[in-house]
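What follows is one structure encoded as structure tokens, with my remarks underneath.
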Amino acid sequence: MPKIADNPASSALTPDPGRWKALVFIALAQLMVVLDATIVNIALPSAQQDLGISDGNRQWVITAYALAFGGLLLFGGRIADLWGRKRTFIVGLAGFAAASALGGAANGEAMMLGARALQGAFGALLAPAALSLLAVTFTDAKERAKAFGIYGAIAGGGGAVGLILGGFLTEYLNWRWTFFVNIPFAVVAAVGAYLVVREPAEGRNRSPLDVPGVILSTLGLVALVYGFTRAESEGWGDAGTIGLFVGSAVLLLAFVATEARVKSPLLPLRVLADRNRGGVYLSLGLAVIAMFGLFLFLTYYLQIVKGYSPVKTGFAFLPMIVGMITGSTQIGARLMTRVPPRLLMAPGFLTAAIGMSLLTQLEIGTSYAGLILPAQLLLGLGMGTAFMPAMSLATHGVDPRDAGVASAMVNTSQQVGGAIGTALLNTIAASATTAYLADHAAGATTPAAQKLLQLQGMVEGYAAAIWWAVGILAVSAAIAFALINTGKPETGVVAGSGTGADDEVRIPVVAH
């Protein structure tokens with residue numbers, strides 16, 4: 001290990017002997033949060049029927065979680081900096097488990113929606129605490145690469161795992177188990193974190209909470225996420241949708257103005273001002289738009305067009321998971337200390353775009369092995385390779401007392417990207433389907449022909465939306481290549497990953 005200049009913080013840079021055990025429990029908690037973004041989707045039809053939720057309100061089972069999670073992320077990141085990441089992590093796990101128990105025991109619509117909102121709120125505490133714990137626990141560049149490789153694989157592939165687990169639990173047990181399954185995850189992660197996770201005492205940010213910033217950011221993000229959710233159901237020209245977007249813009253601009261003036265901001269603008277972190281937030285958010293759209297369309301295609309069961313649909317996503325794990329742990333982690341991050345992120349997003357472009361060739365009779373499987377492998381490899389350095393770079397060089405809010409920005413970009421992706425791409429698909437049906441309706445004169453036309457229209461809509469996703473991934477690659485200019489990490493201690501703000505590490509660890 002390189003010699004560090006005489007410094008009272010040197011002892012704080014001694015690697016935590018329990019860091020690899022800590023990674024297991026941090027990764028388990030992250031898997032639980034990511035799973036929950038998709039596991040409930042497959043269970044929703046059964047839950048809706050059992051609880052008597054109307055078609056008009058069923059979207060709120062998903063939306064209540066997304067609004068609370070997306071709206072409170074920055075607040076959750078700041079709480080992690082204020083309380084300490086370990087304490088916030090454990091509180092988040094306990095709350096998430098309790099909310100999951102409430103959801104599994106729900107006896108009506110109100111109880112279910114309340115449980116989902118609570119899950120989102122505690123997830124907003126848990127997710128930034130998990131990522132920032134990882135950032136301050138792994139201080140050696142090579143070890144950090146391995147740790148973030150595992151974390152990146154979970155962040156990228158967890159949603160697909162949720163589809164498998166959700167299908168299995170719904171088909172063979174009961175939809176309630178898609179909630180109850182979180183409880184053992186949370187208990188094991190909380191007990192393990194209590195016993196083995198350590199964090200530098202100097203990393204705590206004890207500044208007073210920026211209450212105006214909390215209110216403005218929460219309301220602004222909630223309005224933004226809800227605006228995209230409403231656009232999917234009510235249309236982009238709806239007065240309510242436009243009002244939400246305008247309100248969100250006003251609130252978020254007021255938030256930025258406030259953060260520039262207050263003494264202890266919720267989101268220090270220096271976190272965003274760094275071009276590398278800004279490039280990560282922007283490129284990752286765009287990539288997630290494409291990914292969420294794919295999950296949605298491929299799930300519908302496999303179940304409705306191909307007639308797959310929920311379990312078979314879940315397993316059909318396995319190649320993507322394998323690709324993501326391989327990309328993160330075998331490509332990203334191995335190359336991260338050898339090449340600059342943009343030479344992993346940009347090619348990774350482009351590889352994902354190539355895989356996505358194969359799916360634009362979908363037809364009713366498309367072979368799974370001949371097209372869908374190789375497309376998923378390419379998509380998984382590309383996203384896994386790109387996610388891994390993105391997760392690491394998003395918190396690299398950040399003052400440890402800002403690590404929580406910097407981590408929250410990663411999750412915020414993903415959450416907002418997911419909301420945009422679902423609404424935007426679904427609207428494009430629906431419009432393309434409607435146009436196709438209008439053009440070909442005259443030729444469908446029998447019930448069989450009309451059914452075939454409906455399926456063909458759906459496939460045409462998916463293909464049109466997937467082309468947009470290809471373009472979004474290409475833009476994501478261009479942003480990563482243009483904005484991210486940091487060099488490869490050198491072997492040694494990663495600056496800003498375990499010392500306080502006043503404890504300067506005087507060795508260069510990143511070549512610019």
Side-chain angles (χ1 to χ4, degrees), residues 67-85 88 121 124-125 127-129 131-132 135-136 202-228 242-285 393-417 419-420 479 483-484 495-497 499-504:
L67 289 181
F69 190 83
L72 293 171
L73 269 168
L74 284 177
F75 178 54
R78 179 65 181 86
I79 290 295
D81 289 334
L82 180 65
W83 284 0
R85 284 132 208 136
T88 306
L125 277 181
L131 182 56
S132 56
V136 299
E202 300 89 342
R204 192 83 63 88
N205 185 341
R206 302 180 188 276
S207 303
L209 191 62
D210 170 22
V211 176
V214 170
I215 294 171
L216 288 169
S217 67
T218 301
L219 292 177
L221 288 171
V222 164
L224 182 63
V225 173
Y226 186 39
F228 279 105
I242 295 170
L244 283 166
F245 286 137
V246 171
S248 173
V250 171
L251 287 164
L252 292 177
L253 285 172
F255 170 66
V256 172
T258 301
E259 299 309 273
R261 297 171 60 184
V262 298
K263 184 177 179 182
S264 303
L266 173 69
L267 175 62
L269 296 183
R270 61 181 176 272
V271 172
L272 295 177
D274 180 88
R275 65 180 289 169
N276 291 292
R277 281 193 292 276
V280 166
Y281 299 147
L282 188 55
S283 62
L284 201 57
L393 193 59
T395 54
H396 180 89
V398 177
D399 185 322
R401 60 191 66 189
D402 292 335
V405 76
S407 301
M409 276 301 301
V410 181
N411 290 288
T412 300
S413 68
Q414 290 178 291
Q415 187 65 27
V416 173
I420 294 171
I479 289 171
L483 290 185
I484 298 171
S497 299
T499 60
D502 300 324
D503 300 328
E504 182 183 357

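Taken from CG in Asp274 to CG in Leu269, the straight-line distance is 13.0 Å, to the nearest 0.5 Å. Note: Leu221 CG to Leu72 CG = 9.0 Å, rounded to the nearest 0.5 Å. The CG atom of Leu267 sits 11.0 Å away from the CZ atom of Arg78 when rounded to the nearest 0.5 Å.
By the side-chain contact (heavy atoms from CB on, under 4.5 Å) test, Val214 pairs with Phe75, Leu209, Thr218, Leu266, sequence neighbours left out. Remark: Thr88 pairs with Ile79, Ala80, Trp83, Leu125, Ala129 by the side-chain contact (heavy atoms from CB on, under 4.5 Å) rule, at least two apart or across chains. Residues passing the side-chain contact (heavy atoms from CB on, under 4.5 Å) test with Ile242 are Val246, sequence neighbours excluded.
The side-chain heavy atoms of Phe255 and Leu74, taken from C-beta on, include a pair separated by under 4.5 Å. Asn276 has its side chain out of reach of Leu483: every pair of non-hydrogen atoms, C-beta onward, lies at least 4.5 Å apart.
Here the shortest heavy-atom pairing between Thr258 and Pro212 reads CG2-CB, 4.3 Å. Across all non-hydrogen atoms, the minimal contact from Gly76 to Pro128 is C-CG, 4.0 Å. For the residue pair Leu224 and Ser248, the shortest heavy atom distance occurs at CB-OG, 3.3 Å. Smallest separation of non-hydrogen atoms from Ala127 and Leu73: CB-CD2, 4.5 Å. Between Leu252 and Ser217 the shortest heavy-atom distance is CD2-O, 4.4 Å. The heavy-atom pair separating Arg277 from Arg270 by the smallest distance is NH2-O, 3.5 Å.
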